[in-house]
Amino acid sequence: MQFAPRRKWNLLIKSSNKDGFFLESLDLYSSLLKSGCHGDHLTFTFVVKACAQLASLWSGRKVQSHVILLGFQSDVFVQTSLLDMYSKCSSLSEARQLFDEMPSKSVVSWNSMISAYAKEFQTQESFRHFNEMRSCCFRPTSSTCVSLVSGCSGSTSALQQGQSVHCFGTKLGFHSDLRLWNSILTMYVRFNLIDDAISLFDSMKERSAITYTTIFGGYAKLGDCLMVLNLFNQIRLKQIGLDAIVFVNLISSCALLGRLLIASSVLSLLIRNGLDCEPNVAAAVVNMFAKCGDIFSARKFFDSVTKKDVLLWTSMIGGYVHADLSRTALDLFEDMISTDLPPNKITIITILSACAAIGSLSAAEQIFEHIDAYGFKSDLQTQTSLIHMYCKCGCLERAEEIFNALSHKDLAAWSSMINCYAFNGKGEESLALFKEMLKDKSIKPDAVVFTDVLSACNHYGLVEEGLKFFTSMQLQYGIEPSKEHYSCMVDLLSRAGYIDSSLEFISRVPVQLRSQLWTPFLSALRTSNGAQLENILPNRWEVESESTGNHVLLAGISASLGKWKDARDFRMSIDKRGLRKEAGWSRTELYS
DNA sequence: CTAGGGTTAG
C-alpha cells in the first residue's frame, strides 16, 4: 500500500526540483511524512538536492537523520547527495566525515569531495583526493578536471597545478570538453594572465556564451573595452545563445569606457532583446549611465524598473555619490528603507561614502541604526568605511577607536587610517602607521596607499622621506607612478623651495604626464619663497598651452614678485584665449 | 559531481 503513493510523491518532488521550486520540494516532503509515509532512496536524493540548492544546512541535517533512521547509510546515491549538500552549505567538515564513513564510493562521490575542497580553494586537499582516487582505480572524468581547475583559480600558487590538469585532461581525451576549456580560461583570467587567456580563446574551436563572458572579463581587466564591443558584435552575427550574463559583462565594459553614446545604444539593444527588465541587468544599466556621467538617464531608467531589488537601489545610490550628489543619495536611501527592502552590506558601504562626501556626522548617525539592525557592525569592509567616514567628518578619535579594535586588518583598513591621519594634518602619525603596516609582510602596499603616504610627506614637508618612499614604491614594490604620485612629489619639492630639483624632477616624468604637472608646480611656486619666474621660462610654451588656469597662476606669481608688466601680459593672454571650458558630453534623450 | 556576471569601502 505504501509503495504506490510514495512513488507519486517522488515524481512530484522531482518535477518541483526541476522547475527550481526547492522550497516546494521540502513542503512536499513534509506532506509525505504527514501522510504517514517515509522516504525511500529516490525521495532522499531529491529532497537532499533541494536542501543543497537552498543552502539549508538545518533541513539537510534533519533529512540526514531520517536517512540514518531508515538505514540508507550504505546507499551510494543518497550518501553522495548528502555529501554535496554539506559542500554547498559550506560545511566541509561534515562533508568530509560523511565521505570517510561511506561504505562504498562512486566516481561522483570522489568528484563531489574534490569539488567541495575546490570550492573552499583548498587546492592541496583537492589534489590529494584526486591522487587517492586514482590509486583506488577510479578513472577521473572531465568533471573531476573542471573541479580541480576551478579550485586552482582561487589560490595564489596553484597555476602550475591547474595547467597540469589541462595536460592530464587532454591525455584522457577530454580535449573536446568545452567546460574544461572554459574553466581553464577562467583560471588564466583570474591569474591576470590575459595574454594566455586570449591565445587560448583564439585557439578554441567551440565557444559558448560562458566562453565569451569569461574573455570579456579578461579584456575588461586590460582596460580594452573596445575589444569587448568588437567581440560582442562577432557573437551577434554568430547567433550564439546570448543570455543576461553576457549582457551584464558587456554593460560593465561600457561603464568602464564611459561613453554615453555607446551606453545608449547598448540600452536599445537590451530593449530589443527583452532583457532591460531583468533584475541582474537593470543594476548594471544604472551603473553604466552613472559612470558615463549621465545621472539623469540613470534615474530615468531606475524609475522605469517596476521590480526594484537591493542591487538596483544600491547602484542608483552609488550613482548619486559618484555624481557628487550625496544629499540625493541619502534621500534615496531613505526611500529604499521606507519600501521595507533591507539594505545589504554594499548599500551600507555606499551610503557611508555619501556621508563621508558630505562630511556630516548627523547624516551618518541616522545610518547607524541600520548598521546595527542588519548586523554589519563586525564586518571589516563596513568598519573601513566607518573609519573613512569619521575621517572626513573630522572625528579622528572615533576613527582611531574603530581601527584599534580591529582584530584583523587588510590593506584597505590600514590605508584608510593612514589616509585619515594625513587628511587631518597628522603627517607624522600617518607615516608611523605606514611603517608599522610594512612590518606585516602579508600586506603588500599598492598605488593607493602610496598616494596617501606621499601626500602625508607633502603635508609635513618631509622631502627626503618623500623621495625615499617614491623610489621604494617603484623599485621595491614595482608600482608605476601615476599622475597623482608625480604631482604630489612636484608639490612637495616646490613648496619646500627646491625649485631646481622640482624642475629636474618634472623633466624626467614621461612626456604624456609632464604637461599636467605645471599646474601643481605653479600653485606651489606661488606659496613658496623661492619663486623665480625665470625658472619656468624655458618651458613657457608647454606651461601656457596646457590650461587657462596656468595663465592665472603665472599672472599671480608675476604680481607677487612685483613684475607688473609680466602680470599684465599674462592677464591679456587669458582674455585673448577666452575662458575656454572643457568639452563636455551633451545629454541625449533616450526614451522619448 | 561540472565552466561565466551585476551594486562596493581605502
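Keep in mind that the numbers below use all heavy atoms, side chains included, and drop hydrogens, waters and symmetry copies. Residue numbers begin at 1 in each chain, while the letters A, B, ... track the order of the sequences. Worth saying up front: this structure is predicted, and the values here are computed from it rather than measured.
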Nucleotide nearest A/A209 when distance is taken to its side chain, options B/dG6, B/dG4, B/dG10:
B/dG4
Side chain of A/L311 (C-beta onward), nearest among B/dG4, B/dT7, B/dC1:
B/dT7
A/I349 side chain: which of B/dG4, B/dC1, B/dA9 is closest?
B/dA9
Of the listed nucleotides (B/dA3, B/dT7, B/dT8), which one gets closest to any side-chain atom of A/T314?
B/dT7
Can you tell me if A/Y421 and A/E400 form a side-chain donor-acceptor pair at under 3.5 Å?
yes
Base, sugar-phosphate or nothing for A/N249? Non-hydrogen atoms, less than 4.0 Å.
sugar-phosphate
Quick check on contacts: within residues 82-112 of chain A, what sits under 4.0 Å from DNA chain B by heavy-atom distance?
A/D84, A/K88, A/V108, A/N111, A/S112
Sole candidate of A/W181, A/Y188, A/F216, A/Y212 that passes ring-ring contact (aromatic ring centres under 6.0 Å, His included) when paired with A/F201:
A/Y212
Classify A/D243 by what it touches in the nucleic acid, base, sugar-phosphate, or nothing, heavy-atom distance under 4.0 Å.
base
Nearest-nucleotide pick for A/N280, side chain only, options being B/dG4, B/dG6, B/dA9
B/dG6
Quick one: label A/L411 by what it contacts on the DNA or RNA (base, sugar-phosphate, nothing), any heavy atom closer than 4.0 Å.
base
All ring pair (Phe, Tyr, Trp, His ring centres under 6.0 Å) counterparts of A/F121, not counting sequence neighbours
none
Under 4.0 Å, heavy atoms only, any strand: does A/R207 hit a base, just the sugar-phosphate, or nothing?
nothing
Run A/R128 and A/E125 through salt bridge (Lys or Arg N to Asp or Glu O under 4.0 Å) and show every step you take.
CA-CA 5 Å; A/R128 201 175 66 72; A/E125 274 299 300; 3.0 Å; yes
Side chain of A/S315: nearest nucleotide among B/dT7, B/dG10, B/dA9?
B/dT7
State whether the distance check finds a donor on one side and an acceptor on the other, under 3.5 Å, for side chain A/S415 versus base B/dG10.
yes
What does A/T213 touch in the nucleic acid at a heavy-atom separation under 4.0 angstrom: a base, only the sugar-phosphate, or nothing?
base
Nearest listed nucleotide, side chain of A/R190, among B/dG10, B/dG4, B/dG6:
B/dG4
Is it true that the NZ or CZ of A/K105 lies under 6.0 Å from the centre of A/F99's six-membered ring and within 45 degrees of the ring axis?
yes
Look at all strands and tell whether A/K308 reaches a base, only sugar-phosphate, or nothing, counting heavy atoms closer than 4.0 Å.
nothing
For A/S143, all residues meeting side-chain hydrogen bond (donor to acceptor under 3.5 Å, both in side chains), sequence neighbours excluded:
none
Of the options B/dT7, B/dG4, B/dA3, whose atoms approach the side-chain atoms of A/N344 most closely?
B/dT7
Within 45 degrees of the ring normal and closer than 6.0 Å to the centroid, is that where the cationic atom of A/K308 sits relative to A/F302?
yes
Any base atoms under 4.0 Å from A/K392, or only sugar-phosphate, or nothing? Heavy atoms, all strands.
nothing
Between B/dA3, B/dG10, B/dG5, which nucleotide gets closest to the side-chain atoms of A/S183?
B/dA3
